[in-house]
Amino acid sequence: MSSDLGRLSLNTMTTKGWTLRRAVEATAAAGLPAVGLWRDRVAEAGLDDAAKLVLDNGLRVSSLCRGGFLTGLGDGREALDDNRRAIDEAAALSAPELVMVVGGVPDRDLLGARTRLAERLAELVPYAAERDVRLALEPLHPVFCADRAVINTLAQALELAAPHPARTVGVVVDTYHVWWDPALAQSVADAGAQGRISSYQVCDWLVPMAADPLVSRGMMGDGVIDFASITAMVRDAGYDGDIEVEIFNETVWATDGVTVLETMKQRYRELVLPSL
């Protein structure tokens with residue numbers, strides 16, 4: 001492993017077309033120390049085989065994605081059960097963080113959705129704590145509030161986390177989702193002071209956007225995000241964990257994965273590493 005890549009992690013969504021085995025083996029061959037895993041690929045490989053595959057290739061799991069979607073109507077039992085399964089999977093994979101995409105608005109009651117989210121998160125925290133897995137709340141850009149996440153700023157994520165110990169509930173700083181926030185510097189500093197930064201994820205905001213915002217993430221340097229300033233914020237907040245590259249983009253997915261990995265390494269070295 002190259003020493004300058006010692007914190008770089010491939011989130012397997014970036015190479016969506018690869019099997020878990022292909023992604024893990026290519027990550028190791030590229031000199032990276034870590035992978036961020038998605039539950040669907042883990043399920044395809046089988047949980048025990050997935051854990052062994054990562055271990056055999058000398059990698060660590062930076063995070064498991066995803067839990068969440070806790071805002072639905074009704075009693076929430078199905079969502080809670082699925083999140084408990086996700087926590088168990090994270091523990092089996094030695095993933096310290098379970099990324100939580102919390103869920104959208106099933107009706108017109110945004111306040112009600114946020115209230116259900118807080119109540120159901122509280123139900124999950126003891127279960128996660130027993131298994132040494134931290135629930136990592138990911139604020140999503142406001143464009144996703146209706147269907148994916150009713151928390152949209154880092155400050156909102158910290159407020160939701162506040163009733164719980166930092167070792168059990170953290171927050172994700174994803175450049176795609178937070179770069180626009182005028183309160184970002186203060187919120188990152190607050191998250192660091194509380195010891196709650198679970199993950200730092202990087203990708204770019206493209207202009208013009210794709211028709212579907214979900215797949216409009218770009219490789220670092222292809223859009224408008226100032227990675228130097230945000231990375232410095234995260235550094236100064238004391239975060240010293242892995243840095244995941246997570247890209248949803250049809251063109252990137254259609255590109256040879258090895259090429260994507262090499263481009264990712266180059267852009268990381270140019271745009272992120274100098275500010276760490």
Side-chain angles (χ1 to χ4, degrees), residues 9-14 20 23-24 34-48 50-51 53-55 59-72 76-104 116-140 144 148-151 154 156-158 160-174 177-178 191 194-201 239 241-246 248:
S9 174
L10 172 71
N11 184 290
T12 56
M13 184 57 73
T14 304
L20 182 66
V24 167
V35 285
L37 302 180
W38 276 69
R39 293 177 67 199
D40 56 348
R41 286 289 181 265
V42 170
E44 289 171 3
L47 181 58
D48 292 342
L53 178 65
V54 173
L55 185 65
L59 301 178
R60 60 179 175 266
V61 178
S62 51
S63 71
L64 178 66
C65 199
R66 65 191 176 201
F69 289 90
L70 292 169
T71 58
R77 289 298 104 191
E78 185 175 346
L80 287 165
D81 288 346
D82 183 63
N83 275 271
R84 292 187 185 99
R85 287 191 293 272
I87 291 165
D88 290 339
E89 291 163 16
L93 293 162
S94 299
E97 314 284 348
L98 175 65
V99 175
M100 303 289 284
V101 177
V102 297
R116 289 190 297 276
L117 166 61
E119 292 170 348
R120 291 166 185 175
L121 177 68
E123 285 195 53
L124 291 171
V125 166
Y127 191 89
E130 289 173 0
R131 288 150 182 82
D132 202 25
V133 173
R134 182 157 65 167
L135 304 178
L137 304 174
E138 182 169 16
L140 268 57
F144 299 108
R148 292 183 180 275
V150 295
I151 54 171
L154 203 56
Q156 283 179 302
L158 289 171
L160 182 61
H164 311 289
R167 65 180 179 83
T168 61
V169 182
V171 296
V172 178
V173 180
D174 184 326
H177 293 302
V178 304
Q194 296 172 26
R196 290 194 189 270
I197 301 180
S198 289
S199 178
Y200 180 38
Q201 295 182 333
Y239 180 71
D242 290 322
I243 298 159
E244 287 188 16
V245 177
E246 182 186 51
F248 292 63

Minimum side-chain heavy-atom gap N11-W38 below 4.5 Å: yes

Where A149 and L140 come nearest, the two heavy atoms and their spacing: CB-CB, 3.7 Å

Any donor-acceptor N/O pair, R39 side chain to L64 backbone, under 3.5 Å: no

R66 side chain near E138 side chain, heavy-atom distance below 4.5 Å: no

A34 backbone acceptor or donor facing R60 side chain under 3.5 Å: no

Check: R131 side chain, R84 main-chain N or O, donor-acceptor pair, under 3.5 Å: no

Under 3.5 Å side-chain donor-acceptor pair for R134 and S198: yes

Atom CG of D40 with >12 non-hydrogen neighbours under 6.0 angstrom: yes

Considering all heavy atoms, the nearest A136-E97 contact: CB-OE1, 4.1 Å

Heavy-atom pair of closest approach, residues S9 and D242: CB-CB, 4.4 Å

Nearest non-hydrogen partners of T71 and V102, listed with the distance: CG2-O, 3.7 Å

Nearest atoms (heavy-atom pairs only) where A122 meets P126: O-CD, 3.2 Å

Criterion side chain to side chain contact (heavy atoms under 4.5 Å, CB included) on R116 and L70, from CA distance to verdict: CA-CA 7 Å; R116 289 190 297 276; L70 292 169; over 6 Å; no

Heavy atoms of other groups near R85 CZ, more than 12 under 6.0 Å: yes

Separation between CG of L53 and CG of L59, rounded to the nearest 0.5 Å: 8.5 Å

Shortest non-hydrogen contact between V169 and H164, atoms and distance: CG2-CB, 3.6 Å

Candidate pair V133 and Y127, rule side chain to side chain contact (heavy atoms under 4.5 Å, CB included), full reasoning: CA-CA 9 Å; V133 173; Y127 191 89; over 6 Å; no

Validation row: T168, L135 side chains within 4.5 angstrom (heavy atoms): no

Validation row: M13, C65 side chains within 4.5 angstrom (heavy atoms): no

Step-by-step side chain to side chain contact (heavy atoms under 4.5 Å, CB included) determination, S94 to V61: CA-CA 7 Å; S94 299; V61 178; 6.0 Å; no

Distance in Å, F69 CZ paired with M100 CE, rounded so as to fall on 0.5 Å steps: 10.5 Å

Side-chain donor-acceptor pair present, S62, E244, cut-off under 3.5 Å: yes

Enclosure of E44 CD (heavy-atom neighbours >12, cutoff 6.0 Å): yes

Pairwise distance CD(E89) to CG(D82) - rounded to 0.5 angstrom: 7.5 Å

Side chain to side chain, L47 and V42, heavy atoms closer than 4.5 Å: yes

side-chain contact (heavy atoms from CB on, under 4.5 Å), paired with L137, selected from L121, L154, L117, L158: L121

